[in-house]
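One structure below.
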Amino acid sequence: MLLEEFDFEYAKRELLNACQHTETKAQATTLLSSLYLSRSESDRLTSIHYAKQAIELDPLNKDNHSLLNIASNAHVWDWCATHHSDYIDYYKQFTKQHPDYSMGYEWLISNLIQDNRLEEAKDVLLKMKPYQDECHLLLYKGWLLRKAGQLEEAEKCWNSMIKEDDWLSYSFRADVHASLAEYDNAIACYK
């Protein structure tokens with residue numbers, strides 16, 4: 001959805017005003033982040049539109065393809081363009097300050113695994129153990145094993161997280177299947 005500049009500016013003014021008051025500051029700050037994210041999403045879609053037009057006009061111009069790639073958040077093998085070091089550093093500090101907030105560990109470990117920083121991810125898995133349920137721990141352990149090339153062990157780990165009356169365990173297992181393009185298995189678990 002395209003966010004008009006007038007609407008953005010109005011909402012920004014109102015939220016900045018709300019940030020001046022102690023009782024509304026936290027919620028207003030959250031809404032400011034959401035507002036800027038909405039605008040960036042709108043701008044991203046506009047960028048994709050113009051990048052595609054630029055490719056049609058100049059199909060061999062690498063810059064046009066790079067712009068489409070970046071705006072589309074498409075995959076690229078260039079580590080410098082895809083690593084999550086700043087994000088990881090932020091959540092390393094966050095989990096030190098808020099060690100009992102389990103979601104902080106999840107955002108940290110997911111990106112460590114994605115960036116192949118597996119030894120660090122193993123340490124985080126141990127640190128999050130007191131604050132997280134077994135299903136979540138097995139999910140991340142499975143991803144660690146898979147990234148390390150231990151495919152059979154990862155499958156065993158993920159299968160062991162399934163509990164008969166636990167919808168979340170089936171949902172997690174389905175998400176794993178879907179991310180590995182095992183769509184029939186994903187559908188069965190989702191059902």
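Predicted model only: the values in this text are computed from it and were never measured.
- Hydrophobic clustering (ILVMFWY, side-chain heavy atoms < 4.5 Å, transitive): Tyr170 and Leu138 are in distinct clusters.
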Given side-chain contact (heavy atoms from CB on, under 4.5 Å), test Asn17 with Arg13 step by step and report yes or no.
CA-CA 6 Å; Asn17 183 48; Arg13 271 192 316 277; over 6 Å; no
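- No donor-acceptor distance shorter than 3.5 angstrom exists from the side chain of Ser171 to the backbone of Trp167, with no hydrogens or angles considered.
- In the hydrophobic cluster analysis, where Ile, Leu, Val, Met, Phe, Trp and Tyr join through side-chain heavy atoms closer than 4.5 angstrom, Leu35 is grouped together with Leu16.
- For Glu9, the CD atom is densely surrounded, since the number of other residues' heavy atoms within 6.0 Å is greater than 12.
- Taking each heavy atom of Cys19 and Ala28 in turn, the nearest pair found is SG-CB, 3.7 Å.
- Of the possible donor and acceptor atoms, none in the side chain of Ser72 sits under 3.5 Å from a partner among the backbone N and O of Asn69.
- For the atom pair CG (Leu15) and OG1 (Thr30), the distance works out to 10.0 Å, reported to the nearest 0.5 Å.
- Note on Leu108: it clusters hydrophobically with Phe94, by side-chain heavy-atom contacts below 4.5 Å among ILVMFWY residues.
- In this model, a donor atom of one side chain and an acceptor atom of the other lie less than 3.5 Å apart for Arg173 and Asn159.
- Taking CG from Leu139 and CD from Glu134, the interatomic distance works out to 12.0 Å, rounded to the nearest 0.5 Å.
- A continuous path of ILVMFWY side-chain contacts below 4.5 Å connects Leu137 to Tyr131, so both sit in one hydrophobic cluster.
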Show your working on side-chain contact (heavy atoms from CB on, under 4.5 Å) between Tyr90 and Asn111 and close with a plain yes or no.
CA-CA 11 Å; Tyr90 178 83; Asn111 286 278; over 6 Å; no
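- Contact annotation: the side chain of Ile109 approaches that of Met128 to within less than 4.5 Å [non-hydrogen atoms, C-beta and beyond].
- Taking every heavy atom of both residues into account, Ala121 and Leu144 meet most closely at CB-CD2, 3.5 Å.
- Using a cutoff of 4.0 Å between basic side-chain nitrogens and carboxylate oxygens, Arg146 and Glu153 are not scored as salt-bridged.
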Determine whether Lys141 and Met161 satisfy the following criterion, side-chain contact (heavy atoms from CB on, under 4.5 Å), listing intermediate values before the conclusion.
CA-CA 10 Å; Lys141 182 179 179 185; Met161 76 181 170; over 6 Å; no
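- Ring geometry, Tyr91 versus Tyr87: the interplanar angle falls from 30° to 60°, so the pair is classed tilted.
- To the nearest 0.5 Å, atom CD of residue Gln114 and atom CD1 of residue Ile88 are 9.5 Å apart.
- Between the side chains of Tyr140 and Gln132, not a single donor N or O lies within less than 3.5 Å of an accepting N or O.
- Remark: side-chain polar atoms of Ser110 are not paired, donor with acceptor, to backbone N or O of Trp107 under 3.5 angstrom.
- Atom CG of Asp184 has 12 or fewer neighbouring heavy atoms from other residues, nucleotides or ligands inside a 6.0 Å radius.
- Between the NE2 atom in His84 and the CD1 atom in Ile113 there is a gap of 12.5 Å [rounded to 0.5 Å].
- Ser47 contributes no side-chain N or O that, together with a main-chain N or O of Ala71, makes up a donor-acceptor pair within less than 3.5 Å.
- By the 6.0 Å contact criterion, OH on Tyr190 is enclosed, its count of non-hydrogen atoms from other residues, nucleotides or ligands being greater than 12.
- Residue Asn61 comes nearest to Asp63 through the heavy atom pair OD1-N, 2.8 Å, listed as atom of the first residue, atom of the second, then distance.
- A continuous path of hydrophobic side-chain contacts links Tyr105 to Leu168 [ILVMFWY only; heavy atoms under 4.5 Å].
- Open room surrounds NZ on Lys25; 12 or fewer heavy atoms of other groups in view lie less than 6.0 Å from it.
- Between the CG atom of Leu37 and the OG atom of Ser42 there is a distance of 11.0 Å, given to the nearest 0.5 Å.
- With hydrogens and angles disregarded, a donor-acceptor distance shorter than 3.5 Å links the side chain of His65 to the backbone of Pro59.
- Asn64 places a side-chain N or O within donor-acceptor distance of the main-chain N or O of Ala54, the cut-off being under 3.5 Å.
- Counting heavy atoms from C-beta outward, Val176 and Trp143 have side chains that approach closer than 4.5 Å.
- Ring pair Phe6/Tyr10 is parallel by interplanar angle, where below 30° counts as parallel and above 60° as perpendicular.
- Checking side-chain atoms of Ser33 against main-chain N and O of Thr29 turns up no donor-acceptor pair under 3.5 Å.
- Donor-acceptor pairing under 3.5 Å is lacking for the side chains of Asp115 and His83.
- Applying the 6.0 Å contact sphere to CD of Gln53 captures more than 12 heavy atoms from other residues, nucleotides or ligands.
- A side-chain contact (heavy atoms from CB on, under 4.5 Å) with Ile55 is found for exactly one of Leu68, Leu60, Leu67, namely Leu68.
- A donor-acceptor contact shorter than 3.5 Å is absent between the side chain of Ser34 and the backbone of Leu31.
- You'll find the side chain of His136 stays beyond 4.5 Å of the side chain of Ser102, heavy atoms only.
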The test is side-chain contact (heavy atoms from CB on, under 4.5 Å); show your working for Cys189 and His177 and say whether it passes.
CA-CA 9 Å; Cys189 282; His177 282 306; 3.9 Å; yes
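- Put simply, NZ on Lys12 and CG on Leu32 are 9.0 Å apart, with the number rounded to the nearest 0.5 Å.
- Other residues, nucleotides and ligands place no more than 12 heavy atoms under 6.0 Å from the NZ atom of Lys52.
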